[in-house]
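What follows is a short report on a single structure.
Every value quoted in this text rests on a predicted model; they were computed, and no experiment measured them.
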Amino acid sequence: MNENQRLEGQQVQTENSSDKKSSKDYSKYFETVYTAPSLKDAKKRGKEEVKYHKDFDIPEEFLGMGEGRKFYIRTYGCQMNEHDTEVMAGIFLGLGYEPTDSVEDANVILLNTCAIRENAENKVFGELGHLKHLKREKPDLLLGVCGCMSQEESVVNKILKTYNQVDMIFGTHNIHRLPNILQEAYMSKEMVVEVWSKEGDVIENLPKVRRGNIKAWVNIMYGCDKFCTYCIVPYTRGKERSRRPEDIIQEVRQLAAHGYQEITLLGQNVNAYGKDFTDFEYGLGDLMDEMRKIDIPRVRFTTSHPRDFDDHLIEVLAKGGNLMDHIHLPVQSGSTDVLKIMARKYTREQYLELVRKIKAAIPNVTLTTDIIVGYPNETDEQFEETLSLVREVGYESAYTFIYSPREGTPAAKMQDNVPMEVKKERLQRLNALVNEQSAQSMKKYQDQIVEVLVEGESKNNPDVLAGYTSKMKLVNFVGPKSAIGKIVKVKITNAKTWSLNGEMVEENEPVEVK
Ligand code: 5AD
Ligand code: SF4
């Protein structure tokens, strides 16, 4: 079988020619799954209604598959990926696998990948290279690639051609098929590729192993229909599909009952939540209003798109309570012309008007953002407009990026006359400004008392505890270990650029939210 046959077939018959995994006794005639991604198909937005499956069970025939075996998942990228990893870990445990922190110890290694920028992808290819020796030493090891990179046909082709240490590739729409994919990989001599270009249904009650028992992520929707011209996400994550509010509310109530202190509602574009419901009108504002009634101290959401950020949501957030006074509101550029080319569907003025409304309703609000510099043909003047917008809004921090062309997106086809040195210089100037604003915002906390949700020991010093304020400021402080998992009051003794140092003033029970 040659490469082309592999690429064309949906289901390709395995041949005996490969000596891959020859140490195992596999059925000669086992059919290898081969379902390749297509960015063209992924772009389509069908009218089909989303189906909701309320019950997920691991198929009986796979139970016990993992007995005596260990799994290791390395996660790249955003919170959505982190949360997918929690689901896959839940499935692994359901199959009888044990978790391990060491790749050397693992019988299955998964790389849950990110496609947002080229350097994220390069990290994964580098890691695949590092892991090759493990495959040689341990032929029974299964190595898998999943997540957003798997949804790109160029990546799948590259792995097929160059990284034959990989045993399985699956995408973002079929992680619930992990048991079947593992089974295929154990049985097959060929690389198992199962990537769906069309998004699947919404599946409730997937098992999850959450990282820690203090903060939790809760998916409220999947996919993105915005198609910003630089962004690969609408292709890798499919069309917008919202979970039903009753399922989300039930999940959050259960987390609250288990003692979680903070939840973050997750989606690629959470402000579009509910727009796909055909039977009733319901939006993020309505959902956040429900969150206020749940006895959990802190509720956040990410990520917002300014275009869909409506007045009702602002009104609800202004009620405060357990709804946090920090909003991450990606702007991407301060220039209306660049925003237009990015297809962000708002102008600089409209964004500033939204900021004005938010600040008027929530006077103490903290705003943070995402910014891309060096968009194709971005002029010095347009970049200056970004700097002036950063000042005008007064962001307290920002994720800043140099534009990275993503194959298959409209921006990747644009001619670009901005040299890389200029892009780097712009990034440095932007970062200097963001650092300055962050340091300014931190100074205000000197000698103040803040409430901190304590997450554990500081990474650098086990004698120091670390946690976050409602505005997501990192606080390192001296206090008893019994404070971990609680919201405590801390007096700030030293305000740094990106974090605060302090001393605990009193130990509280978790703050009660009415
Ligand atoms: N190049 C650079 N940054 C990007 N982002 C998304 N796509 C690209 C790209 N092609 C940034 C945006 C987005 C954040 C998650 O990543 O700022 O908000
Ligand atoms: Fe990408 Fe966000 Fe734009 Fe969607 S809204 S296309 S995820 S940048």
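- Aromatic ring centroids of Tyr399 and His328 lie under 6.0 Å apart.
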Give the table of side-chain donor-acceptor pairs shorter than 3.5 Å for residues 497-505, with sequence neighbours excluded, one pair per line with atom names and distance.
none

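- Judged by a 6.0 Å distance limit and a 45° cone about the ring axis, Arg406 is not positioned over the six-membered ring of Tyr230.
- Residues in residues 87-100 take part in these side chain to side chain donor-acceptor pair (under 3.5 Å) pairs, two or more places apart or across chains: Tyr97-Tyr186.
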(request) Show the numbers, then the answer: is there a side chain to side chain contact (heavy atoms under 4.5 Å, CB included) between Leu111 and Met149? (result) CA-CA 10 Å; Leu111 304 187; Met149 278 171 72; over 6 Å; no
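- A salt bridge is absent between Arg426 and Glu421: the closest approach of a Lys/Arg side-chain nitrogen to an acidic carboxylate oxygen does not fall below 4.0 angstrom.
- Among residues two or more places apart in sequence or in another chain, the salt bridge (charged side-chain N to carboxylate O under 4.0 Å, His left out) test is passed with Arg241 by none.
- Applying the 6.0 Å contact sphere to NZ of Lys275 captures more than 12 heavy atoms from other residues, nucleotides or ligands.
- Not counting sequence neighbours, the partners of Asp286 by the side-chain hydrogen bond (donor to acceptor under 3.5 Å, both in side chains) test are His312.
- Residues Tyr273 and Phe301 keep their aromatic ring centres 6.0 Å or farther apart.
- Every residue meeting the side-chain hydrogen bond (donor to acceptor under 3.5 Å, both in side chains) condition with Asp289, not counting sequence neighbours, appears here in chain and number order: Arg292, Lys319.
- Legend: residues meeting ring-ring contact (aromatic ring centres under 6.0 Å, His included) with Tyr235, ordered by chain and number and at least two apart, are Phe227.
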(request) Take Ile263 and Arg298, measure what side chain to side chain contact (heavy atoms under 4.5 Å, CB included) needs, and give me the verdict at the end. (result) CA-CA 6 Å; Ile263 58 137; Arg298 292 182 170 189; over 6 Å; no
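- Environment of CD in Glu67: sparse, with no more than 12 heavy atoms of neighbouring residues, nucleotides or ligands closer than 6.0 Å.
- In this structure Glu204 satisfies the salt bridge (charged side-chain N to carboxylate O under 4.0 Å, His left out) test together with Arg243, sequence neighbours excluded.
- For Glu396, the salt bridge (charged side-chain N to carboxylate O under 4.0 Å, His left out) partners are Lys444, Lys473, not counting sequence neighbours.
- Under the 4.5 Å side-chain criterion, counting only non-hydrogen atoms from C-beta, Tyr76 is not in contact with Thr85.
- For Leu93, the side-chain contact (heavy atoms from CB on, under 4.5 Å) criterion is met by Phe71, Pro99, Val209, not counting sequence neighbours.
- With sequence neighbours excluded, the residues that form a side-chain contact (heavy atoms from CB on, under 4.5 Å) with Lys293 are Glu290.
- Judged as a ring-ring contact (aromatic ring centres under 6.0 Å, His included), and not counting sequence neighbours, Phe477 has no contacts.
- Neither side chain, His326 nor Ser470, offers a donor N or O lying under 3.5 Å from an acceptor on the other.
- Residues that satisfy the salt bridge (charged side-chain N to carboxylate O under 4.0 Å, His left out) test with Glu127, not counting sequence neighbours, are Arg74.
- Checked by atom type, the side-chain pair Glu240/Asn269 shows a donor-acceptor distance below 3.5 Å.
- Partner of Lys215 under the side chain to side chain contact (heavy atoms under 4.5 Å, CB included) criterion, chosen from Gln261, Arg210, Glu262: Glu262.
- Between the side chains of Thr75 and Asn112, no donor N or O sits under 3.5 Å from an acceptor N or O.
- A donor-acceptor pair under 3.5 Å is formed between the side chain of Thr172 and the backbone N or O of Thr236.
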